[in-house]
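Note sheet for the following structure.
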Amino acid sequence: MSDTAMNKPVGLPALPSYLDQSDAVRARFERLKQREVILKVDGLNKVFSSGQRETLALSDISFETHRREFLCVVGPSGCGKSTLVRILAGLEEHTSGDVLLLGEPVSEPGRDRGMVFQGYTLFPWLTVKKNVMFGLEVNGSGAYEAEKQALQWLQLIGLEKFADAYPNQLSGGMKQRVAIVRALANQPRILLMDEPFGALDAQTRSRMQAHLLEIWRKIDITIVFITHDLDEAIFLADRILVLSAHPGQVQELIEVPVPHPRSSAQFISPEFLATKARLEELIHKGEAPDEEDSGTYSMVARMTDIADDID
Amino acid sequence: MALTDSDNAMRSEPVGVVGPGDAAPLLEKRDGATLRPTGAGKARNRKGWFQVLRPLTPRARLLLGMLSFVLPIAAWCVVSYVPYVWHPQIAITDPGATDYLQVGMRMNKAAFDDVVAEAKADHKAPPQGYASNPIYLPAPHEVAAAFYTSFVTPPATKDQPWLHQSLWHSIQVIFWGFVISSIFGVPIGILCGTYAAFARLTEPFVEFFRYLPAPAFGALAVAILGIYDGPKITIIVIGTFFQQVLIIANTTRKLDVGLVEAALTLGTKRFQLLWRVVIPGILPDLYRDQRILLGWAWTYLIVAELIGTTTGITWFITQQARYQHFANVYAAIMMIGIIGLGTDMLLALLGRRLFPWERSLDKSA
Ligand SMILES: Nc1ncnc2c1ncn2[C@@H]1O[C@H](COP(=O)(O)OP(=O)(O)O)[C@@H](O)[C@H]1O
Ligand SMILES: [Mg+2]
């Protein structure tokens, strides 16, 4: 941790710049950037055409992620985060530009890119263990080998007791953990996650974040993580890609100055707050002023009974 | 290091979490109603019957389910056993001096009163009788007795079938009609639901054909397939198949696309999707559709059996009606209902065993 950061009293308006990095953090980023590039997106455009209307959802998106990097993508709702990650997964075609995974262009879904969706998408007819075995089996592993590996993965997330339960017997957090190891069991090069914890309650959510970081530290995986929760993004990410809306464009690629290993105590550290301030600034700038909620509260008529003078 | 910590924290999260063996408690918890203390529950349940889109308590379900049978039977009992609720006719017990009345004959009250008045005017013995319902409405006990007697009464001639043989014949016609329809209808329906191109190629014609009344093909079927079971099975197939394709196609289309996408990102090849995701994903709903369609197949039975030589339960019904054994007619009609409902309940039970993952989701059935 840098001296300047340590000496600054917490909570005062004079935050360090989010660009200030301690030596350890700077060294970490230098090492990170020396690792091989796993995913390279270059000049990516996406146009949705429905009937005569054409919507430019993504415009000239370029970025790179390095091996074992944790990249978060944030942006206002509707800015094309899901579209971007679906293109990376190969579930959606892009209009122009390049998406290269280890130098190979991405055109359709494949086992080298795992994906975790917000809606769990576990196969309800398969037990937890069989869900984790699914990817291995469709890729030609023998049942015995697949089962052995599935059990190891379940052990990693502490769900081996639930191996023979069906997904609908699990809580949301457990389902999402299974979905994560189901994707990881295939040993993808990159794990794509589209607001995976968006449907969870706050407590489960923060536990899941800590858990995901643990998994990420233990295995060789690059993660692209979509979220609209800025705290989540700062807590998890090495770097944060900030998109603006209409069309979705890269505003900034922020190197998070919060040192590793992460802990929830860091939520009030100056680096964290500085980063958050910067993100908020970008997101608010990126939000179109006349969005759906342009109306202010003055438009809401006071509809309570006149006689009730509670306030 | 932190993994073990957070690990334990995770395990202590189990709100609504159950071990593999105990799905049942979860089901009850979701139901909510079953957890209520009985004392407080009673007052709430009565109001609860009219809650919009809310499930009933198991007791209320059972009670109402039984009432749905008890009420019509009770109405029937009242009409049959309470005099002058209806009883528009007089059954003759003694013709008196008249020469055109016979014992057991029924006539309208007004006509009977005229005859009595006439006899009295002529100072002859008036006919006697008791108020009764028309012969086509037998009393419940008569129909109940017919459930037994119609099975043990031998057929009029040796070459005619017993009732159980007629019933068995009907069941076979239904069975083969439904099996043949399903052999084609289920795969075509699934393909339609899975591949939009296939659906576009098939469904417009199927939509058209399903409006054609199946019995309209009766004469054609006889001309092609003869007078025995061929045309009957054909009618059931025509009546079922086209609906089947459309219903199953729609069920297939309702599958969560997310599951298909998840499978794709796990490296599933496109040709594997059908077996690996689509079919297992829709199986419980497909099974439910098949149960409904089997019910529809039964409704085509009577028309089907009238085609060519009349056979099966339809033959029994028409014979008994001809001899005015209406109690037997009612009994035979009810047997169809009982067999149909019975099969469906058995299939529902079987379904719960076949699809254990549906159990804690299943609110009805
Ligand atoms: N299939 C589609 N057809 C047309 N427009 C789409 C489609 N999917 C997304 N869009 C549009 O693209 C934009 C980005 O959507 P999305 O990627 O879902 O945003 P986010 O995930 O950031 O909320 C939105 O304006 C949305 O209306
Ligand atoms: Mg989205």
Side-chain angles (χ1 to χ4, degrees), chain A residues 86 89-91 108-128 134-139 156-159 161-174 177 179 182-183 185-186 188 192 203-204 207-208 210-211 213-215 217-218 261 263, chain B residues 1-27 29-30 255-273 275-287 354-362:
Chain A
R86 287 172 58 81
L91 293 171
E108 53 180 23
R111 66 178 300 192
D112 50 1
R113 281 149 293 137
M115 178 130 173
V116 177
F117 303 80
Q118 180 175 352
Y120 314 127
T121 65
L122 294 179
F123 303 119
W125 61 92
L126 296 178
T127 60
V128 165
F134 187 95
L136 296 165
E137 286 194 328
V138 293
N139 287 297
L156 177 73
I157 55 166
L159 287 182
K161 273 189 296 185
F162 291 86
D164 294 317
Y166 285 102
N168 70 8
Q169 294 170 284
L170 305 183
S171 69
M174 293 166 125
R177 276 189 274 164
R182 180 181 66 173
N186 254 345
L192 308 165
Q203 277 190 339
T204 314
R207 255 187 264 131
M208 290 295 293
H211 217 76
L213 281 182
E214 275 306 318
I215 295 173
R217 278 155 45 98
K218 285 191 174 164
S263 74
Chain B
M1 48 109 217
L3 181 70
T4 40
D5 289 348
S6 60
D7 209 0
N8 287 332
M10 295 271 177
R11 285 205 192 113
S12 59
E13 108 191 343
V15 184
V17 169
V18 198
D22 31 10
L26 181 65
L27 179 66
K29 262 181 210 161
R30 289 217 182 136
L255 181 71
D256 180 6
V257 206
L259 296 180
V260 175
E261 290 184 341
L264 283 171
T265 61
L266 288 168
T268 316
K269 314 286 174 299
R270 280 179 200 277
F271 69 89
Q272 289 176 306
L273 282 175
W275 278 116
R276 287 270 182 182
V277 182
V278 175
I279 292 174
I282 63 165
L283 215 49
D285 287 331
L286 177 76
Y287 186 80
L354 287 174
F355 313 114
W357 65 91
E358 285 271 293
R359 226 173 284 165
S360 43
L361 295 176
D362 212 9

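Every chain is numbered from 1 and lettered A, B, ... according to where its sequence line falls, protein lines coming before strand lines.
Scanning both residues, B:Gly267 and A:Asn186, for their nearest heavy atoms gives N-ND2, 4.5 Å. For A:Arg111 against B:Leu266, the heavy-atom pair with the smallest separation is CB-O, 4.2 Å.
When side chains are defined from C-beta on, A:Trp125 counts as touching B:Val277, because their heavy atoms get closer than 4.5 Å. Put simply, the side chain of B:Glu261 does not reach to within 4.5 Å of the side chain of A:Met115, judged on heavy atoms. For the pair B:Leu259 and A:Pro124, the minimum side-chain heavy-atom distance is below 4.5 Å. At a threshold of 4.5 Å between non-hydrogen side-chain atoms, the residues B:Thr268 and A:Glu137 do not count as touching. Taking the side chain as every heavy atom from C-beta outward, B:Arg276 and A:Phe123 never approach each other to under 4.5 Å.
Contacts of B:Gln272 with chain A are made by side-chain atoms alone, with heavy-atom separations under 4.5 Å and no backbone atom involved. Neither the backbone nor the side chain of A:Leu192 comes within contact range of chain B, judged by heavy atoms closer than 4.5 Å. Both the backbone and the side chain of A:Arg182 have a heavy atom closer than 4.5 Å to some heavy atom of chain B. Neither the backbone nor the side chain of A:Gln203 comes within less than 4.5 Å of any heavy atom of chain B.
Side-chain atoms of A:Asn168 never come within 3.5 Å of backbone atoms of B:Glu358 as a donor-acceptor pair (strictly under, hydrogens ignored).
Annotation: maximal heavy-atom pairing with chain A below 4.5 Å, among B:Pro280, B:Ala262, B:Ala263, occurs at B:Pro280.
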